[in-house]
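Some notes on the structure that comes next.
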Amino acid sequence: MSQHVDRPIIFPLSNPTKLSEADPRDVMAWSEGRALVATGSPFPDVEGKSGEKLRVAECNNALIYPGIGLGALVCQAKLVTSDMLYAASCALASSAPCVKDRDAPLLPRIKNVRDVSRKIAVAVIKAASKSGVAGVSFGQDDDDAIMQAIKNFIW
């Protein structure tokens with residue numbers, strides 16, 4: 001893949017770790033350190049092209065589902081639509097550390113799940129409102145009201 005694109009995205013997602021399709025160390029070696037790697041199981045850090053340690057992102061539901069659920073609950077959505085899921089995916093994608101730093105990991109650290117969840121929830125609430133499935137409306141562009149409702153809901 002790295003022969004055809006500058007930054008191949010490789011997702012060896014099988015569980016458990018011993019059954020993974022590829023080891024991130026091999027992927028980084030094969031791509032000369034250019035690959036964006038996320039795995040379905042935990043892996044140790046890998047060495048980057050300049051010898052620096054790179055965190056291997058673990059790609060699982062833990063980063064997106066809390067925000068989807070939070071947004072759906074806060075706006076009392078009647079159902080979760082494909083537009084809401086797309087909005088959640090876009091919000092998570094915009095939280096990717098590699099967006100700001102080419103050498104950073106593909107996904108945020110799990111320790112940042114609360115912040116990422118709030119961002120995803122805002123996107124989900126806006127999408128629910130736009131598609132007419134929100135039971136509570138905050139106004140499509142009133143981010144302050146949406147964020148306050150989220151803060152009031154989280155314990």
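All residue numbers in this chain count up from 1 along the given sequence. FYI, side chains are in, hydrogens and waters are out, and symmetry mates aren't considered; it's all heavy atoms of this structure. What you see is a predicted model; the values in this text were computed from it and never measured.
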TODO: In sequence, state the C-alpha distance, the side-chain angles, and the governing distance for D83 and S131, and then conclude on side-chain hydrogen bond (donor to acceptor under 3.5 Å, both in side chains).
DONE: CA-CA 8 Å; D83 288 341; S131 60; 5.2 Å; no

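- M1 and P8 get closest at one heavy-atom pair: CB-CB, 4.0 Å.
- Of the charged side-chain nitrogens involved, at least one lies within less than 4.0 Å of a carboxylate oxygen, so that R102 and D6 count as a salt-bridged pair.
- No path of Ile, Leu, Val, Met, Phe, Trp and Tyr side chains, each step under 4.5 Å between heavy atoms, connects L19 with V27, placing them in separate hydrophobic clusters.
- We find the CZ-SG distance between R7 and C98 to be 7.0 Å, quoted to the nearest 0.5 Å.
- The closest side-chain heavy-atom distance from V46 to K53 is not below 4.5 Å.
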Open item on the list: The test is side chain to side chain contact (heavy atoms under 4.5 Å, CB included); show your working for I120 and L70 and say whether it passes.
Closed with: CA-CA 9 Å; I120 291 170; L70 178 60; over 6 Å; no

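- No continuous path of hydrophobic side-chain contacts links V124 to F138 [ILVMFWY only; heavy atoms under 4.5 Å].
- Between the side chain of T81 and the main chain of M84, a donor-acceptor pair closer than 3.5 Å is present.
- When atom types are taken as modelled, the side chain of E21 and the backbone of S14 share a donor-acceptor pair closer than 3.5 angstrom.
- Note that OG of S129 is 10.5 Å distant from CG of D142, once rounded to the nearest 0.5 Å.
- We find the CG-CD1 distance between D26 and I10 to be 12.0 Å, quoted to the nearest 0.5 Å.
- Under a hydrophobic clustering in which Ile, Leu, Val, Met, Phe, Trp and Tyr are joined whenever their side-chain heavy atoms come within less than 4.5 Å, directly or via other members, I154 and M147 fall into the same cluster.
- The backbone N or O of P16 sits nowhere less than 3.5 Å from a side-chain atom of S20 that would complete a donor-acceptor pair.
- Between the side chains of K119 and S94, a donor-acceptor pair is found at a separation under 3.5 Å.
- Summarising the geometry, atom SG belonging to C90 is positioned 11.0 Å from atom CG belonging to L85; distances are rounded to the nearest 0.5 Å.
- Looking at heavy atoms from C-beta onward, V37 lies in side-chain contact with M28 at the 4.5 angstrom threshold.
- Heavy atoms only, all atoms of each residue included: E58 and G40 are closest at OE2-O, 3.8 Å.
- Looking at E52, its side chain does come within 3.5 Å of a backbone N or O of S50 through a donor-acceptor pair.
- Between D45 and L54, the closest side-chain pair of non-hydrogen atoms is not below 4.5 Å.
- Side-chain contact between L13 and C59: present, with at least one pair of heavy atoms (C-beta onward) separated by less than 4.5 Å.
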- [ ] Report the C-alpha distance between D144 and Q148 in whole Å, list the side-chain angles of each, state the deciding distance to 0.1 Å, and finish with yes or no for side-chain hydrogen bond (donor to acceptor under 3.5 Å, both in side chains).
- [x] CA-CA 6 Å; D144 291 336; Q148 188 59 52; over 6 Å; no

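- Atom CZ of R25 is surrounded by 12 or fewer heavy atoms from other residues, nucleotides or ligands within 6.0 Å.
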Side-chain donor-acceptor contacts of residues 105-117 below 3.5 Å, not counting sequence neighbours, with atom names and distances?
from : atom 1 : to   : atom 2 : distance (Å)
D115 : OD1    : R118 : NH2    : 2.5
S117 : OG     : V113 : O      : 2.7

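- No chain of hydrophobic side-chain contacts below 4.5 Å, direct or via other Ile, Leu, Val, Met, Phe, Trp or Tyr residues, connects I68 to F153.
- In this structure, the side chains of V74 and N152 stay at 4.5 Å or more apart for every pair of heavy atoms.
- The hydrophobic clustering, which links ILVMFWY residues whose side-chain heavy atoms are closer than 4.5 Å, places L36 and V5 apart.
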